[in-house]
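Worksheet: the structure to be examined is printed underneath.
The chain is numbered in sequence order, starting from 1. Only a predicted model underlies this, so the values are computations on that prediction, with no experimental measurement involved.
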Amino acid sequence: MAARSLTRPLSLRCPSTISSCLAPSPNLLHPHRTPSSAFSTTPCHNYPRDRNPNRGVSALRGTGLRQPVSMSKYPLPEPQLDRTKKTPQAVDPNHGLWGFFGPEKKALATPEEEYAHGRAWTVEELRQKSWEDLHSLWWVCAKERNRIATSNKERERLKAGYGQFEAENRDTTVRKTQQAIKHALTERWYAWEHARKLAVNDKTVDLTGEGPAYEPKPRFSGRTSSEEVKV
């Protein structure tokens with residue numbers, strides 16, 4: 001046993017010898033310093049640090065928070081899918097969003113209803129309309145195209161398989177009317193521009209807006225005022 005103790009490493013036989021060779025403790029060098037813990041008192045989480053301030057805000061992705069918060073213990077409200085248990089809400093019958101639906105407020109019209117329409121307006125008919133009439137007709141066509149687009153989207157969602165031909169035919173008719181409105185307004189613009197260029201060189205026309213726009217020149221007949229009175 002004595003021979004084995006002689007071959008044992010020095011660190012195992014005499015641990016006080018190694019501790020004497022190490023640096024002294026900071027508390028021994030500074031006896032007035034208050035001892036402090038060398039570890040953090042903050043609880044350690046297994047979650048990585050999240051540097052995204054908008055985490056959980058997206059309603060489309062639905063990612064949610066990576067770690068629980070103080071409100072995580074409360075259950076989230078679930079939507080009520082049963083129509084009989086829902087609270088009735090007052091809806092304005094004249095709301096602007098009803099313009100995306102038909103007169104009966106249906107999202108999908110029947111093929112007979114889509115095909116029941118007249119012809120498009122012609123340019124000859126629209127040339128005699130006022131600016132207010134053309135403006136009103138344009139927005140009627142815009143609302144009708146919105147209604148057709150809503151019907152097509154609902155038909156695609158339901159995979160109905162009918163009414164596509166009638167809806168495209170109706171949309172083509174409405175687009176022809178809008179093209180005719182643009183044609184009539186373009187003609188009026190060119191006519192106005194041509195008249196404006198002629199008025200720039202006409203001395204009887206005042207384009208400044210300060211006085212009367214048009215002052216016709218007095219007609220000269222070649223007679224004096226006394227001769228005109230005798231006649």
Exercise. Evaluate the criterion side chain to side chain contact (heavy atoms under 4.5 Å, CB included) for residue pair Arg147 and Arg170; output intermediate values, then yes/no.
Key: CA-CA 11 Å; Arg147 189 202 61 78; Arg170 191 183 188 95; 3.4 Å; yes
Quiz item: Which value, rounded to the nearest 0.5 Å, describes the distance between Lys129 atom NZ and Glu125 atom CD?
Solution: 8.0 Å
Quiz item: Nearest heavy-atom pair of Asp206 and Pro212: which atoms, and what distance?
Solution: CB-O, 3.4 Å
Quiz item: What distance do Asp133 atom CG and Gln128 atom CD have between them, rounded to the nearest 0.5 Å?
Solution: 11.5 Å
Practice problem: Might you confirm whether atom NZ of Lys182 has over 12 heavy atoms from other residues, nucleotides or ligands at distances under 6.0 Å? | Solution: no
Quiz item: If you round to the nearest 0.5 Å, how far is CD of Glu132 from CG of Leu134?
Solution: 9.0 Å
Quiz prompt | The single option from Glu154, Lys153, Glu114, Glu113 passing side-chain contact (heavy atoms from CB on, under 4.5 Å) against Leu108 | solution = Glu154
Practice problem: Mark yes when over 12 heavy atoms from residues, nucleotides or ligands other than Lys197 sit less than 6.0 Å from its NZ; otherwise mark no. | Solution: no
In residues 93-102, what donor-acceptor pairs under 3.5 Å come from side-chain atoms, sequence neighbours left out?
| unit_1 | atom_1 | unit_2 | atom_2 | d |
| --- | --- | --- | --- | --- |
| His95 | ND1 | Leu97 | N | 3.1 |
| Trp98 | NE1 | Asp92 | O | 3.0 |

Exercise. Flag the pair Arg155 and Glu166 as a salt bridge only when some basic side-chain nitrogen lies within less than 4.0 angstrom of an acidic carboxylate oxygen.
Key: no
Quiz item: Are Tyr190 and Leu185 connected in a single hydrophobic cluster, I mean Ile/Leu/Val/Met/Phe/Trp/Tyr linked by side-chain heavy atoms less than 4.5 Å apart?
Solution: no
Quiz prompt | Exceeds 12 heavy-atom contacts within 6.0 angstrom, atom NZ of Lys73 | solution = no
Quiz item: Of the non-hydrogen atoms in Val123 and Ala184, which two are nearest, and what is the gap between them?
Solution: CG1-N, 4.5 Å
Quiz prompt | Spacing of Ile181 atom CD1 and Gln178 atom CD [to the nearest 0.5 Å] | solution = 6.5 Å
Quiz item: When hydrophobic residues are tied together by side-chain contacts of less than 4.5 Å, even through go-betweens, does Leu137 share a cluster with Trp131?
Solution: yes
Practice problem: Please confirm whether the backbone N or O of Arg127 pairs with a side-chain atom of Arg188, one donor and one acceptor, at under 3.5 Å? | Solution: yes
Quiz item: For Gln179 and His183, does a side-chain donor sit closer than 3.5 Å to a side-chain acceptor?
Solution: no
Quiz item: Is Val200 linked to Val205 within one hydrophobic cluster, defined over Ile, Leu, Val, Met, Phe, Trp and Tyr using a side-chain heavy-atom separation of less than 4.5 Å?
Solution: yes
Quiz item: So, the side chain of Asp171 versus the backbone of Ala167: is there a donor-acceptor pair under 3.5 Å, distance only?
Solution: no
Quiz prompt | Sub-4.5 Å side-chain heavy-atom contact between His135 and Trp139 | solution = yes
Exercise. Fit a plane to each ring of Tyr115 and His117, take the angle between them on a 0 to 90° scale, and name the class: parallel (under 30°), tilted (30 to 60°) or perpendicular (over 60°).
Key: perpendicular
Practice problem: Determine the minimum heavy-atom distance between Cys141 and Thr177, stating which atoms define it. | Solution: SG-CG2, 3.7 Å
Exercise. State, to 0.1 Å, how close Ser151 and Ala109 come at their nearest heavy-atom pair, and which atoms those are.
Key: OG-N, 3.9 Å
Quiz prompt | Side chain proximity check, Gln164 to Asn152, heavy atoms < 4.5 angstrom | solution = yes
